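Sequence lines set the chain letters: A, B, ... in the order given, protein chains first and strands last, and positions in each chain run from 1. What you are looking at is a predicted structure, and each value in this text was computed from that prediction instead of being measured.
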There are 2 protein chains.
Amino acid sequence: MSALAEPNRFQIVELLRDEPYTVGEIADQLRLRQPQVSKHLRVLSEAGLVEVQPIANKRIYKLRQQPFLQLDDWLESFQNVWDERFDRLDEYLEELKGKQKEHGE
Amino acid sequence: MSALAEPNRFQIVELLRDEPYTVGEIADQLRLRQPQVSKHLRVLSEAGLVEVQPIANKRIYKLRQQPFLQLDDWLESFQNVWDERFDRLDEYLEELKGKQKEHGE
DNA sequence: CATTAATATTCCTTGACAAGAATATTCCGT
DNA sequence: ACGGAATATTCTTGTCAAGGAATATTAATG
């Protein structure tokens, strides 16, 4: 997830969402210098967010879907909670007031 | 999203997924020092991931759902792509070979 | 085989940020 | 009003990661 935290990398991912791109194409579209793009792609690649397909001396990068599905799963583990707990906060407040009362006696 | 990149903050969020917690409780459960927890909560708060409810001299932190829904939306913008494009990579490769041919003539 | 295009890697510098330690603030009970 | 929790803030320091510039690598082409 820290791979997505960097703004330029985030942009790269959004760009690749549309279609696979070459390093040079990415650099052009995002107005970045080639070495930085290569470095960012390296990070994205090591994070498993992206995969490469070498063709001639070009390298085509595309998104992998696994990490996104994973993230989706993670988010679902929250969805459940919103529903289940209408607002557990109230419940918690009561609990606290109870504790205070006990302490007072 | 960079707020979630920090491991301790990520842990805090996962902890708060279960129920709201006090700063001290978070510090205890995650074996962190209170000041760092406060600082992390500040970041999470400014990122809109978390909200506070002061009660006595305690402060109860809970998750806000908006940013999570937002993230979910963002992820959906990808889902569409996976389906639509069986593999646009092939298409792209063809395009490249075409270009090479043109260049050769 | 020399050249050139496309990409990757290295080295260096700089800025951001997290932890630690100490201190400040706020609120309650007495 | 005072003492003590609970929490926040400040300051400093060390680390890490991103950008820039230069260079290395790989592959195609004549």
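The CG-C1' distance, from B:Leu44 to C:dA18, rounds to 14 Å in whole Å. Following rounding to the nearest Å, B:Glu25 (CD) and D:dA5 (C1') show an atom-to-atom distance of 14 Å. Atom CG of A:Asp28 is separated from atom C1' of C:dA5 by 13 Å (rounded to the nearest Å). In this entry the distance linking CD1 of A:Ile55 with P of C:dT7 reads 12 Å, nearest Å. Protein atom CD of B:Glu46 is 12 Å distant from nucleotide atom P of D:dA8, rounded to whole Å. Going from atom CZ of A:Arg33 over to atom C1' of C:dT9 covers 17 Å, rounded to whole Å. Atom pair B:Lys58:NZ and D:dG4:P shows a separation of 18 Å (rounding to whole Å applied). Between the CG atom of B:Leu30 and the C1' atom of C:dA19 there is a distance of 15 Å, rounded to whole Å.
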- Task: Start with the C-alpha distance between A:Asn8 and A:Gln36, add both sets of side-chain angles, then the distance that settles side-chain contact (heavy atoms from CB on, under 4.5 Å), and finish with yes or no.
- Result: CA-CA 9 Å; A:Asn8 288 322; A:Gln36 333 298 344; over 6 Å; no
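Between A:Lys39 and B:Ser2, the residue anchored closer to the 5' end of DNA chain C is A:Lys39, taking for each the nucleotide with the nearest heavy atom. Nearest-nucleotide assignment on DNA chain D puts the 5′-proximal partner with B:Tyr61, out of B:Tyr61 and A:Gln36.
Using modelled atom types, no side-chain atom of A:Arg64 and backbone atom of A:Glu51 make a donor-acceptor pair closer than 3.5 Å.
At a cut-off of 3.5 angstrom, counting only N and O atoms as typed in the model, there is a donor on one side and an acceptor on the other between the side-chain of A:Gln34 and the base of C:dA8.
Looking at the side chain of B:Pro35, the nearest of the listed nucleotides D:dA8, C:dT7, D:dG19 is D:dA8.
At least one side-chain nitrogen or oxygen of B:Arg42 sits closer than 4.0 Å to the OP1 or OP2 atom of D:dT9. Between B:His40 and C:dC17 there is no side-chain polar atom (N or O) within less than 4.0 angstrom of OP1 or OP2. Side-chain nitrogen and oxygen atoms of A:Arg59 include none within less than 4.0 Å of the OP1 or OP2 phosphate oxygen of C:dA6. Distances shorter than 4.0 Å separate some side-chain N or O of A:Arg9 from OP1 or OP2 on D:dA18. Phosphate proximity of C:dT25 to B:Asn57: absent, as no side-chain N or O sits under 4.0 Å from OP1 or OP2.
When each of A:Gln65, A:Arg17, A:Glu19 is tested with B:Val81 by the rule side chain to side chain contact (heavy atoms under 4.5 Å, CB included), just one qualifies, namely A:Arg17.
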N/O donor-acceptor pairs under 3.5 Å from side chains in residues 67-74 of chain A, not counting sequence neighbours:
unit_1, atom_1, unit_2, atom_2, d
A:Gln70, OE1, A:Gln66, NE2, 2.8
A:Trp74, NE1, B:Glu14, OE2, 2.8

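Of all heavy-atom pairs between A:Arg9 and A:Ala3, the closest is NE-O, 2.8 Å.
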